[in-house]
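These numbers come from a predicted model, not from an experiment.
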Amino acid sequence: LKDKLSGYSMLKEVAEDLSTVLSLNDINNLIIEYVLKMLKKEGRAFLFTVDVERQELTLSAAKDGQGPLRVKTKKGDPFDHWVFKYRKPLIIEDVTKDFRFSTESVEEAKTVFRSLIAAPLVSENRIMGVLRMDNANECVYTQDDLRLLDIISDLGAVAIQNAILYARIQQLAIRDGLTGLFLRRYFMERLPEEIKRAARSKASLSLLMLDI
């Protein structure tokens, strides 16, 4: 009960931190860090975001208690795809006893993890990604853990949506809407930076002007 209350009281801190960060990469890492910090369960945490053009999951962040993880499967597994397809939270107490998934999926999964919780990141009726945590042992996660993960997912989805919108606004501020080329203002900002960088490295700098 103490751990549960501690986790829920931390949600305000999560919301405030996520609202002050506009870098998508920083937001992804922050979400994963809070999952590990709030659930207080050993295991691996993953954040998959949606590639809008291909409509598929892409691994954006992965960590465990020791730090960042190297993951071979960058597009998620059948369990992540289930959450992505049905837009529903998922809890598995023991993957070997869950009959919603194929035998092949279970056989492959059980060598890596036995229990799992996952939740979709949904903002404005659009799925932004999947947040997941798994463990090599069975019956590690509870319904309370899943509810907490689901709330973090909601907060994370809003933060990711805001970061995407901010990035688009940034692009509109420095690129021409018709041609997609950089505007004069961006050129005037970057030119002094490039001159300084060339001077520091004692490299030559050329400026080519074309009338198109």
Side-chain angles (χ1 to χ4, degrees), residues 7-41 43-65 67-92 113 116-135 141 144-175 177 180:
Y8 280 104
S9 66
M10 206 181 292
L11 287 172
K12 182 182 178 183
E13 181 183 338
V14 177
E16 289 175 350
D17 284 353
L18 289 175
S19 66
T20 59
V21 179
L22 291 172
S23 163
L24 194 54
N25 186 57
D26 289 344
I27 287 172
N28 293 337
N29 288 319
L30 197 59
I31 291 171
I32 288 293
E33 287 172 8
Y34 269 116
V35 167
L36 293 169
K37 184 177 179 181
M38 294 175 66
L39 265 62
K40 296 182 179 179
K41 298 285 180 72
R44 307 180 303 167
F46 302 89
L47 174 61
F48 296 91
T49 52
V50 177
D51 183 324
V52 178
E53 292 183 2
R54 298 181 179 180
Q55 278 300 297
E56 65 181 17
L57 296 175
T58 302
L59 183 66
S60 296
K63 289 183 180 180
D64 63 9
L69 295 171
R70 290 185 178 181
V71 183
K72 293 182 179 179
T73 308
K74 304 292 185 182
K75 306 297 180 183
D77 61 18
F79 308 95
D80 305 308
H81 299 159
W82 188 94
V83 177
F84 179 45
K85 179 180 179 180
Y86 294 106
R87 299 188 178 193
K88 292 180 179 179
L90 174 67
I91 182 169
I92 298 178
F113 67 90
L116 170 149
I117 49 174
L121 283 79
V122 180
S123 177
E124 297 180 355
N125 206 34
R126 288 178 53 199
I127 185 161
M128 311 297 295
V130 172
L131 187 57
R132 160 184 171 167
M133 194 165 186
D134 63 32
N135 192 287
Y141 305 108
D144 285 327
D145 294 329
L146 183 62
R147 275 191 284 271
L148 193 54
L149 187 75
D150 198 26
I151 295 172
I152 298 172
S153 297
D154 288 341
L155 296 172
V158 174
I160 290 173
Q161 178 73 1
N162 288 340
I164 292 172
L165 292 174
Y166 178 76
R168 288 177 184 170
I169 291 170
Q170 290 289 87
Q171 286 298 307
L172 289 173
I174 63 176
R175 289 185 182 270

- prompt: Roughly how far, to the nearest 0.5 Å, is OG1 of Thr20 from CD1 of Ile27?
  reply: 9.0 Å

query: Taking all non-hydrogen atoms of both residues, which atom of Ser153 and which atom of Leu121 are closest, and how far apart?
result: O-CG, 3.5 Å

query: In Å and rounded to the nearest 0.5 Å, what is the CG to CZ distance from Leu172 to Arg168?
result: 9.5 Å

- request: Given side-chain contact (heavy atoms from CB on, under 4.5 Å), test Lys63 with Leu36 step by step and report yes or no.
  value: CA-CA 8 Å; Lys63 289 183 180 180; Leu36 293 169; 3.9 Å; yes

- prompt: What are the two closest non-hydrogen atoms of Tyr141 and Asp145, and how far apart are they?
  reply: CA-OD2, 3.4 Å

query: For the rings on Phe113 and Phe79, is their centre-to-centre separation under 6.0 Å?
result: yes

- request: Kindly write out the residues that satisfy side-chain contact (heavy atoms from CB on, under 4.5 Å) with Asp26, not counting sequence neighbours, or none if the list is empty.
  value: Val21, Ser23

message: For a quick test of reading the model, state the closest non-hydrogen atom pair linking Arg175 to Gly180 and the distance between them.
response: NH1-O, 2.7 Å

- prompt: Stepwise, does the side-chain contact (heavy atoms from CB on, under 4.5 Å) test hold for Met128 with Ile164?
  reply: CA-CA 10 Å; Met128 311 297 295; Ile164 292 172; 3.7 Å; yes

statement: Nearest heavy-atom contact between Phe46 and Ile32 is C-CD1, 3.4 Å

- prompt: Any donor and acceptor pair, going by atom type alone, linking the side chain of Asn28 with main-chain N or O of Leu24 inside 3.5 Å?
  reply: yes

task: Would you check, one step at a time, whether the test side-chain contact (heavy atoms from CB on, under 4.5 Å) holds for Trp82 with Lys88?
output: CA-CA 8 Å; Trp82 188 94; Lys88 292 180 179 179; 4.1 Å; yes

query: Going from CG on Asp64 to CG on Leu69, what distance comes out if it is rounded to the nearest 0.5 angstrom?
result: 4.5 Å

task: With sequence neighbours left out, write down each residue that passes salt bridge (Lys or Arg N to Asp or Glu O under 4.0 Å) with Asp17, or none if nothing qualifies.
output: none

field: Partners meeting ring-ring contact (aromatic ring centres under 6.0 Å, His included) with Tyr34 (sequence neighbours left out)
entry: none

task: For side-chain contact (heavy atoms from CB on, under 4.5 Å), just list the numbers for Leu39 and Ile117, CA-CA rounded to whole Å, side-chain angles, deciding distance to a tenth of an Å, and then say yes or no.
output: CA-CA 11 Å; Leu39 265 62; Ile117 49 174; 3.5 Å; yes

Ser19 OG to Asn162 CG distance, which is reported to the nearest 0.5 Å: 9.0 Å

- line: In Ile160, Leu155, Ile152, the residue satisfying side-chain contact (heavy atoms from CB on, under 4.5 Å) with Leu18 is Leu155

- prompt: What are the two closest non-hydrogen atoms of Leu149 and Ala119, and how far apart are they?
  reply: CD2-N, 3.9 Å

- request: Would you mind reporting whether Lys40 and Leu148 have side-chain heavy atoms less than 4.5 Å apart?
  value: no

task: Search all heavy atoms of Gly156 against all heavy atoms of Ile31 and return the closest pair with its distance.
output: CA-CD1, 3.6 Å

field: Pairs satisfying salt bridge (charged side-chain N to carboxylate O under 4.0 Å, His left out), at least one member in residues 119-134, at least two apart
entry: Arg44-Asp134, Asp77-Arg132, Asp80-Arg132, Arg132-Asp134

message: Using salt bridge (charged side-chain N to carboxylate O under 4.0 Å, His left out), reason through Asp144 and Arg147 one step at a time and then give a plain yes or no.
response: CA-CA 5 Å; Asp144 285 327; Arg147 275 191 284 271; 2.6 Å; yes

task: Name all residues meeting the side chain to side chain donor-acceptor pair (under 3.5 Å) criterion together with Lys37; count only those two or more places apart in sequence or in a different chain, and write none if there are none.
output: none

Please tabulate, for side-chain N and O atoms in residues 54-61, each donor-acceptor pair with protein atoms closer than 3.5 Å (sequence neighbours left out).
residue	atom	partner	partner atom	Å
Gln55	NE2	Val52	O	3.2
Glu56	OE2	Lys75	NZ	3.2
Ser60	OG	Thr49	OG1	2.5

